[in-house]
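Comments concern the structure below.
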Amino acid sequence: MKLRIKLSPELPAVLRRHPSIVLAGIGTLTLGLWVAIIGSLWYVHDIVVAVPAAEELRTISSMDQATTLFDRADKPAFTIFKEQRIEIPLARVSPHLVNAILAIEDQRFYDHNGIDVVRVAGAALSNLREGRLAQGGSTITQQLARQSFLTTEKTYRRKLTEIVVAARLEGQFTKDQILEMYLNKVYFGDGLYGVEAASLGYLGKPASAVTVAEAALLAGLVKSPSSYAPTVSPEKATARRNVALGAMFDAGMIDRVAYDAAIKEPVTLDDALRRGEAFGQYFKEEVRRFLVQRFGWERVYQGGLKVYTTVDLDMQKTAEAEIARGIADIEKRQRGKNSDESNPLQAALVALDPRTGEVRAMVGGRDFEQSNFNRATQAKRQPGSAFKPFVYAAALEQGFSPGTVITNLDDPIMTLQGAWVPEDEHSEESSMTMRAALRTSSNRAAVRMLEDVGIPVAVQYAKKLGVGSVPNVPSLALGSGEVTVASMTAAYAAFANAGMVQTPILVRRVETTDGEVLFETKQEPQQAVSADTAFLMANMMADVINAGTGASARSTGFRLPAAGKTGTTNDYHDAWFVGFTPRLATGVWIGYDQPRTIIGGGYASVLAVPVWGRFMAAATSKDRPEWFKAPDNVTSVTICRLSGKLATDSCNDHSAHGESASSGSNVYTEYFVRGTEPTESCPVHRRILPSPLRALAALVSPGRVSDSSESAPPQAAPARAEAPAPAQPQAAPQQEQPKKRGFWGRIFGGGGNKK
C-alpha cells in the first residue's frame with residue numbers, strides 16, 4: 001500500500017510566481033536544524049564540563065571531618081567541626097546497618113553499574129504521572145556523586161550529569177569503596193554526618209554496635225533528615241524505621257522473629273558525642289584558640305584532628321557546680337543590692353596537677369553563653385594578700401627563715417608619697433615570726449619583710465614564679481600588681497613541686513586521623529625557688545588552712561593536708577584563695593568585671609575559701625593523705641615563738657601571750673635551711689632563781705635548757721627529716737578581724753596602729 005499525497009494543481013504555479021517563499025521555508029528548516037544540533041551539542045558540552053575530571057574524582061574520599069578533643073582518660077569530650085563527622089572504614093560498620101541502608105536506598109547496589117535501570121524506569125513513570133520530578137530513582141553511587149560534586153536542584157540537566165559522574169565513579173572505585181565513602185558522607189540530620197557520628201550522636205554507641213532496630217532507625221533518616229530526625233519527631237522517626245525494617249524483611253535480610261522483635265523495640269536516644277559539652281566550654285574554647293593559632297581554621301574545623309587534652313570531666317563538672325553555687329550564695333547575701341545585669345558577679349577557677357602543669361578543670365565565668373571572655377586566663381586582677389607568699393619566698397631565698405622575727409611593725413615605711421603604715425586588720429602585734437605573719441596575713445609584716453628583702457628582689461622572684469611583671473612599689477607586698485588566676489595557680493603549684501614552675505597546659509598531643517603526631521607538649525619546668533624554700537613555704541601555708549584565714553575550708557568537708565593563702569583587695573573588690581595538695585593546685589577568684597564591692601566585709605575567707613574547699617573535697621576524694629618530705633638540707637629546731645631563738649624551759653613556763661596565745665604555747669618546732677637555724681637561747685624568758693636541777697642541766701648543755709618533762713630536740717635533724725603532715729586545726733579558725741594587742745606587745749612593742 002502506497003501513501004499518496006495529492007497536491008493542489010495550482011501549487012507549482014504559486015511557487016513559480018513566489019520563489020521567495022520556497023527559499024524562506026528551506027532557510028527556516030535549515031536554521032531550525034542547526035539550532036537543534038548546536039543546542040544539543042551545547043547541552044552535552046555543558047554536562048561534560050560539569051563532570052569532574054579524573055583527578056578531581058580521586059579526591060572524593062576526602063571529606064570534612066570533626067576534630068575530636070579527648071579528656072585525660074583518652075575518652076571523647078568535645079568536638080570542633082564544620083561538619084560533625086567521624087570517618088571509619090567499612091569493616092567497622094555493623095552488617096545490620098549496611099543491610100538497612102541497602103534495603104531502603106539501593107537493594108541492587110552490587111548488581112548495577114551505577115544506574116539502576118529498573119528503578120529509573122519506575123521513577124520516570126511516576127514523574128510523568130505527577131508532571132514533575134517527584135522521584136529520582138538514584139542509586140547509592142548517584143547519591144554519592146550528587147553529595148560530592150553537584151547541587152540538590154531537581155532538573156534533568158543535573159540528573160544527566162549525576163548519571164555520567166556515577167558511571168565514572170563505578171569505573172574508578174570498587175563497590176565496597178563507594179559504599180564506604182557513602183556511609184561516611186551521608187547526612188543524618190541534627191548536624192551529624194556519616195554513620196559513626198550519627199550512631200554516637202543519636203544512640204550513644206559506635207556504628208559497629210547497633211542493633212537491627214537501631215540500624216533501621218539510622219537508615220530511615222537518609223531520605224529526609226530534617227523530617228525524620230528522632231530529636232525532631234520521635235513519631236516520624238519510628239514510623240520511618242518500621243518502613244526500613246519492612247524493606248529488610250522483604251529483601252530477606254532479617255527473618256520474621258528479628259522483624260517482630262525490632263518493631264517492638266522502643267527508640268532510646270543517647271548523645272554520647274556531645275553530652276559532655278554541657279560542661280567545659282571555657283576549657284574547650286581555650287583549646288580551640290590554641291589549635292586554630294597553630295594549625296589554622298580549615299585544618300581544625302575540617303581536618304579531623306585527634307586532640308588529647310588534660311581535662312578531667314568529673315573535676316570540670318564539680319568546678320562549674322561549685323562556682324555556680326558560690327555565686328548564688330553570695331548573691332543571696334547581697335539581697336539584690338549589687339544586682340546589675342550589665343555587670344553581673346563573676347568567678348573563675350583553675351585546677352592543675354603541680355607535677356606536670358596539666359589543667360584538670362577551668363571555669364572562666366558564670367555562664368559561657370552570656371560571655372565567653374575567660375576570666376581564668378584573660379582577666380588580670382589584683383591578688384591582694386594572695387601575693388604575700390611570693391614576698392616570703394624571696395625572703396627565704398635570701399637567708400631568712402620561717403622563725404625570723406619581723407620587728408618594728410608599727411614604724412612607718414618611707415615612700416615617695418611620705419611615711420606609710422599599712423592598714424592591718426589582722427593583727428596588732430608589733431613583732432611576729434614570718435610563720436605567724438603569713439598565717440595571720442599581717443599587712444605590716446609583709447611590707448616590712450618586703451623592705452628588708454628589697455623590692456627589686458621580690459619583683460624578680462614573682463617573675464620567676466610566672467605571675468608576670470609587677471610594680472616596684474612597697475604596696476606590692478599587699479598585691480597591688482595584676483595577675484591571672486591561671487598564673488597564680490601555677491606559681492603556687494611550684495611550692496608543691498620542689499620549686500619548679502610548670503607552664504599550665506591544656507593539650508598533651510595532637511594527631512591526624514592516621515595517627516601521625518603533629519604536636520606533643522614537652523614541658524621545660526623552670527627552677528623558680530629552691531626545693532628548700534618550696535618545702536618551707538608549703539609548711540607555713542599549711543597553717544593558713546589549719547588555723548589561719550583559710551580555716552573555713554575545713555568546715556566544707558575537706559580534710560587532706562593542704563596549704564594555701566587568701567587574698568582580699570581594697571573595698572572588697574576581689575576575693576581569692578589559692579591552695580594545693582601534693583597532687584592538685586587550685587585557684588579561685590570572685591569579683592566583678594568592672595570592679596566594685598562584692599559585699600561589705602566580704603573577706604576571701606568567707607567568699608572564696610568555701611568554694612575552694614568544696615571543690616577540693618570532691619576533686620581529691622580518692623586521694624590518700626600525704627605531705628611533703630623535708631629536703632636533706634632542711635633541719636628542725638624547737639624555738640621560742642616570741643624571740644625566734646632556741647627555746648628554754650622558761651619559754652614554756654611563761655604564759656602564752658599575743659600571737660602565741662592563739663596556739664596555746666610559746667614553744668614550737670620550726671624548720672630551717674641548715675645554717676639559718678638559731679644557735680642562741682631565748683633572751684626573753686629567763687628565770688631569776690633557777691632550780692638546782694635546771695642549773696645543773698644548764699652547765700651540762702649551755703644554751704639549751706629543757707624542762708624535765710620534755711626532751712630537747714636535736715641540734716640537727718637526721719639526714720632526711722620527714723616532715724609531718726599538717727595537723728588538723730586545733731585552734732579556732734583565724735578570722736580576718738582586728739586583734740587586740742597582747743600583753744608582751746604592749747610592754748615591749750611600742751604604740752600600735754589601731755583601727
Side-chain angles (χ1 to χ4, degrees), residues 67-78 80 276 279-291 293-294 305-320 322-323 348-364 374 376-378 465-467 484-511 517-528 534 538 560 562-564 578-588 612 615-616 618-624 626 628:
T67 285
T68 304
L69 276 56
F70 298 88
D71 66 9
R72 64 174 298 201
D74 294 347
K75 295 181 180 179
F78 312 105
I80 301 172
F279 303 92
Q281 290 304 297
Y282 285 104
F283 185 98
K284 175 186 174 181
E285 175 62 12
E286 200 73 11
V287 172
R288 187 199 67 81
R289 290 171 57 216
F290 164 78
L291 294 173
Q293 183 179 12
R294 190 174 186 91
L305 299 178
K306 295 180 179 179
V307 183
Y308 296 88
T309 75
T310 62
V311 69
D312 183 312
L313 285 182
D314 288 336
M315 284 193 196
Q316 182 66 43
K317 293 173 184 177
T318 299
E320 295 185 24
E322 292 305 335
I323 286 292
L349 180 150
V350 172
L352 56 82
D353 187 330
R355 300 162 297 181
T356 63
E358 294 185 355
V359 175
R360 301 298 181 216
M362 175 181 288
V363 183
N374 193 332
T377 59
Q378 296 174 285
L465 284 161
V467 297
T484 66
V485 179
S487 66
M488 285 289 286
T489 307
Y492 272 56
F495 299 135
N497 190 39
M500 303 288 287
V501 175
Q502 300 275 14
T503 302
I505 61 171
L506 286 76
V507 176
R508 294 175 286 143
R509 189 173 73 257
V510 179
E511 297 179 357
V517 177
L518 301 177
F519 168 83
E520 192 164 15
T521 295
K522 294 180 179 178
Q523 278 282 43
E524 296 181 359
Q526 303 297 316
Q527 189 78 53
L560 289 182
V578 189
F580 55 87
T581 67
R583 294 180 176 272
L584 190 66
T586 300
V588 171
W612 184 92
F615 168 76
M616 289 293 285
T620 64
S621 60
K622 297 180 181 178
D623 293 352
R624 65 181 185 276
E626 58 181 331
F628 307 100

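No salt bridge links D353 with R583; every basic N to acidic carboxylate O contact stays at or beyond 4.0 Å. At a threshold of 4.0 Å, the pair D74-R508 counts as salt-bridged, since one of the basic side-chain nitrogens sits closer than that to a carboxylate oxygen.
Between F519 and F290, the ring centre distance stays below 6.0 Å.
R288 places no side-chain N or O within donor-acceptor distance of the main-chain N or O of I80, the cut-off being under 3.5 Å.
A distance of 10.5 Å separates OG1 of T318 from CG of L349, quoted to the nearest 0.5 Å. The OG1 atom of T310 lies 4.0 Å from the CZ atom of F283; values are rounded to the nearest 0.5 Å. In this structure, D314 CG and R360 CZ are separated by 12.5 Å, a value rounded to the nearest 0.5 Å. A distance of 7.5 Å separates CG in L506 from OG1 in T309, rounded to the nearest 0.5 Å. One finds the CG atom of N497 at 7.0 Å from the CE atom of M500 (value rounded to the nearest 0.5 Å).
Relative ring orientation between F580 and Y492 is described as perpendicular, the plane-to-plane angle rising above 60° on a 0-90° scale split at 30° and 60°.
Side-chain N/O atoms of N374 and E286 include a donor and acceptor closer than 3.5 Å. No hydrogens or angles considered: a donor-acceptor pair under 3.5 Å links the side chains of E320 and Q316.
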Exercise for the section: Tell me, with the steps shown, if K522 and E520 meet salt bridge (charged side-chain N to carboxylate O under 4.0 Å, His left out). Expected result: CA-CA 6 Å; K522 294 180 179 178; E520 192 164 15; over 6 Å; no
